[in-house]
2 protein chains.
Amino acid sequence: MTLTSDQENLSLIAPELPEILVRRYRLLRKIYYSAPVGRRSLAAYFQVGERVLRREIDILREQRLVAVEPRGITLTEAGESLVTSIPPSLKSFLGLTVLEEKLVKLLRVKDVIVVPGNLENDPIVLWEMGRAAARILRECLKPGIVLAVSGGTSCAALADMLSEAPAPSDITVVPARGGLGEEVDYQANTIAARVAQKLKANYRLLHLPDFLSQEALKMLLREKKIKEILDLINSACILVHGIGTAEEMARRRGAAPEVMEMLREKGAVGEVFGCFYNSRGEIIEHVPSLGLYLEDLGNRVENVIVVAGGRKKAGAIVAVVGNHPRDYLVLDEGAAKKIMELYGETGVNF
Amino acid sequence: MTLTSDQENLSLIAPELPEILVRRYRLLRKIYYSAPVGRRSLAAYFQVGERVLRREIDILREQRLVAVEPRGITLTEAGESLVTSIPPSLKSFLGLTVLEEKLVKLLRVKDVIVVPGNLENDPIVLWEMGRAAARILRECLKPGIVLAVSGGTSCAALADMLSEAPAPSDITVVPARGGLGEEVDYQANTIAARVAQKLKANYRLLHLPDFLSQEALKMLLREKKIKEILDLINSACILVHGIGTAEEMARRRGAAPEVMEMLREKGAVGEVFGCFYNSRGEIIEHVPSLGLYLEDLGNRVENVIVVAGGRKKAGAIVAVVGNHPRDYLVLDEGAAKKIMELYGETGVNF
DNA sequence: AAAAACGGGTCAAAAAAAGACCCGCATGGG
DNA sequence: CCCATGCGGGTCTTTTTTTGACCCGTTTTT
């Protein structure tokens with residue numbers, strides 16, 4: 001006996017309803033993020049004709065949710081308050097709330113937030129995930145703690161969406177890892193600095209390549225400055241990180257073909273901090289570097305906030321966050337549903 | 001600060017939504033009550049073209065909620081379970097749940113059930129009210145008690161919708177009043193008997209005209225049989241009754257023009273058991289009869305279940321049930337919203 | 001000052017919905 | 001037993017809605 005959600009009930013007698021709701025919500029959200037914005041760019045974004053978008057806008061205008069001005073389309077006050085207040089209703093209606101509950105039990109984590117939409121289809125979903133993660137982060141902050149943030153687009157989204165309001169006193173933000181040769185916007189250092197700025201907190205950076213030989217690492221550890229920061233990182237109370245798919249991360253690190261093959265053989269699906277996980281959640285390989293040093297970081301911090309989205313990340317998410325009762329998991333509808341599919345429970349039907 | 005319901009949120013971005021939901025639900029409900037039923041009669045009932053109704057049916061059939069057979073349209077199993085399980089979701093969505101809460105506080109009664117729809121537009125609403133009242137009645141039943149039911153269409157609906165299942169042992173059903181020269185189907189005696197039959201309980205009838213002179217009454221009270229039943233009625237633990245508008249009840253009792261005028265002058269709005277109430281809830285007049293005898297019945301029973309619907313009854317409902325903390329009130333959306341209007345709180349917008 | 005982008009208007013094409021009517025068939029009453 | 005009734009389904013035309021395409025005057029930006 002599975003308890004039926006409102007969504008199942010109401011969608012049955014009005015099958016066109018979820019589509020309408022999601023469409024309008026996405027439109028409203030897009031305007032929220034890129035106002036003032038013109039019809040044509042909106043139409044292009046959603047890949048619909050200009051005329052059909054116009055009709056939608058007309059409806060939203062009649063509801064006094066958007067204002068249409070010569071500069072473009074903007075949300076009214078009512079529209080803004082709606083776009084921030086509606087997600088709970090919408091999530092409940094779309095069955096995402098029950099999905100969250102299922103995932104909490106399935107993955108045995110502390111809490112799960114499922115953001116409507118699919119990251120792979122709509123870039124805004126990433127921002128929404130950032131917002132959700134930022135909200136959780138704010139709740140976890142306490143005076144005097146150390147906050148470690150990792151790199152990647154997901155964490156960058158968190159930094160972007162974090163509101164600019166002071167945090168509890170004496171918080172230090174540190175990168176959870178070194179550089180990875182990525183774009184600077186997505187490096188842990190950059191993100192740590194931006195988060196610290198938003199929180200009006202202190203921050204320390206780790207100017208160190210992520211990939212390093214054991215010898216080089218040992219030598220560097222004798223450097224007082226570096227040792228200091230590494231200790232700081234290891235004393236972190238909160239850890240925020242994304243999740244990579246094994247294949248893409250290996251490729252991005254420029255792994256040799258034989259390494260790729262080895263990873264595939266061992267069944268690597270997910271990656272975090274240079275540690276590769278198989279689908280049973282075991283670490284099967286780590287790059288010889290800080291990964292070694294940071295490997296058990298996740299075991300000591302009080303709160304871990306994991307942010308990841310997109311259907312292709314589903315396997316990696318399951319591998320990485322499974323059975324971690326202190327983890328908060330923020331993901332998108334696409335990944336969440338894919339996970340349920342992996343577990344054979346088709347769950348909500350769309 | 002009024003808490004916003006899901007309805008307000010979602011209806012804002014999809015204004016056509018409540019209409020669709022209500023339309024489909026009414027259709028489903030109508031089929032439920034009159035299956036197997038044909039397209040044409042359904043179209044006539046809802047006063048729409050046959051073709052538009054057909055489209056609705058097609059949608060419901062695609063959802064596998066109805067089965068279309070040569071004999072007519074029937075609900076599938078899924079449809080039946082939906083039509084009985086959906087009202088909570090729908091009510092919450094339409095804001096009726098918050099309406100119920102407001103009315104409980106406003107009228108200071110034990111509980112309020114608002115049934116979707118308007119009795120004056122859709123006769124089925126009466127049946128739904130009957131179902132809701134029947135459910136409450138079942139909850140109130142205890143072994144050995146006496147149940148008094150009144151007359152009228154609302155109580156008749158309760159009797160109709162009461163499921164045919166045994167009640168706790170040794171329950172006696174009695175009419176709460178005598179006859180009123182109405183159709184036999186709506187007389188208290190008839191209804192009491194039908195309720196008893198459904199509950200598989202005992203019943204006693206009161207073969208006495210409702211309108212009687214004091215002398216005649218006194219004489220009849222010497223009759224042992226009659227006295228017995230009246231005592232039984234007065235020992236009732238549960239009372240079920242409807243509510244009449246003062247004007248209509250006076251007319252139906254064949255009151256003389258001068259009496260009508262007097263009632264109007266005194267501001268009579270509601271009637272129960274021959275007692276006329278003004279809008280402040282005071283009894284301003286009662287017909288010389290059992291009313292006298294039964295006047296304070298309502299003050300002694302443990303549970304009172306009041307069933308009334310239609311916008312025109314709003315005033316009467318407020319007058320009669322105001323400030324009775326042991327009353328359950330079952331009414332329809334029409335009456336409920338009209339009551340809120342009377343109180344100046346427009347509340348939900350349609 | 002020029003160029004780009006904005007919303008709004010308009011008109012024809014296309015699609016969807018609605019109305020009207022007929023047909024074969026199962027059912028139920030005579 | 002048969003026939004009249006009411007059933008769903010099909011189909012046609014008409015009407016309404018939706019969509020696409022394009023232009024225009026104005027504001028904003030560069």
Side-chain angles (χ1 to χ4, degrees), chain A residues 13-80 83 124, chain B residues 13-80 83 124:
Chain A
I13 64 172
E16 66 274 43
L17 199 139
E19 189 200 319
I20 297 179
L21 284 175
V22 169
R23 173 161 27 102
R24 299 266 163 81
Y25 171 63
R26 286 184 64 196
L27 178 52
L28 221 53
R29 190 175 60 180
K30 174 67 179 169
I31 297 173
Y32 176 73
Y33 281 119
S34 35
V37 61
R39 267 186 345 212
R40 290 173 244 274
S41 58
L42 282 177
Y45 184 85
F46 290 108
Q47 294 180 307
V48 295
E50 176 195 328
R51 205 62 182 71
V52 338
L53 190 129
R54 213 150 130 186
R55 230 174 44 82
E56 294 288 306
I57 292 293
D58 285 342
I59 295 173
L60 292 182
R61 187 176 44 185
E62 276 170 24
Q63 299 292 104
R64 311 212 184 281
L65 296 176
V66 301
V68 189
E69 295 159 27
R71 303 172 49 234
I73 300 165
T74 325
L75 290 192
T76 64
E77 205 168 319
E80 275 196 41
V83 87
I124 282 190
Chain B
I13 64 172
E16 65 274 43
L17 198 141
E19 188 200 319
I20 297 179
L21 283 176
V22 169
R23 175 162 26 104
R24 299 266 163 81
Y25 171 63
R26 286 184 62 194
L27 179 51
L28 222 53
R29 189 174 61 182
K30 173 66 180 171
I31 297 173
Y32 175 74
Y33 281 119
S34 31
V37 60
R39 271 190 336 219
R40 291 170 244 275
S41 57
L42 282 177
Y45 183 84
F46 290 108
Q47 295 179 305
V48 295
E50 177 195 329
R51 205 64 183 70
V52 340
L53 189 128
R54 210 149 133 186
R55 230 173 43 81
E56 295 288 307
I57 293 292
D58 284 342
I59 294 173
L60 292 181
R61 186 176 43 184
E62 276 170 25
Q63 299 294 107
R64 313 213 181 278
L65 296 176
V66 301
V68 189
E69 296 159 27
R71 302 172 49 235
I73 300 165
T74 325
L75 290 192
T76 64
E77 206 169 316
E80 274 196 40
V83 87
I124 283 189

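Convention: sequence-line order gives letters A, B, ...; per-chain numbering from 1.
Side-chain contact between R26(A) and I124(A) is absent, with no heavy atoms from C-beta onward closer than 4.5 Å.
Residue R51(A) holds its CZ atom at 12.0 Å from CD of E56(A), rounded to the nearest 0.5 Å.
In this structure, I31(B) places its CD1 atom 13 Å from P of dC7(D), rounding to the nearest Å. Here the P atom of nucleotide dA20(C) and the CZ atom of R51(B) are 12 Å apart, to the nearest Å. Distance CZ (R71(A)) to P (dT28(D)): 7 Å, rounded to an integer number of Å. The CD atom of E50(A) sits 11 Å away from the P atom of dG8(C) (whole-angstrom rounding). For the pair R39(B) CZ and dC21(C) P, the computed distance is 15 Å after rounding to whole Å. A straight line from CD of Q47(A) to P of dT19(D) spans 16 Å, rounded to a whole angstrom.
When each of dG9(D), dT27(D), dG7(C) is scored by its nearest atom to the side-chain atoms of R61(B), the top-ranked nucleotide is dG9(D). You'll find that the side chain of P70(A) is closest to dT27(D), out of dG8(C), dT27(D), dC6(C).
Annotation for R39(A): atom CZ counts as buried by contact number, over 12 foreign heavy atoms lying within 6.0 Å.
Within residues 53-60 of chain B, the residues approaching DNA chain C are R55(B), by heavy-atom distance under 4.0 Å.
Nucleotides of DNA chain D nearest to V37(B) and V48(A) differ in position, and the one nearer the 5' end is that of V37(B).
By the side chain to side chain contact (heavy atoms under 4.5 Å, CB included) test, R64(B) is found to be paired with no residue, residues two or more places apart in sequence or in another chain being considered.
Here the closest heavy-atom approach between residue T76(A) and residue A67(A) is recorded as CG2-N, 3.7 Å.
Remark: R61(B) engages D58(B) in a salt bridge, criterion side-chain N to carboxylate O under 4.0 Å.
Between the side chain of R40(B) and the base of dG8(D), a donor-acceptor pair under 3.5 Å is found.
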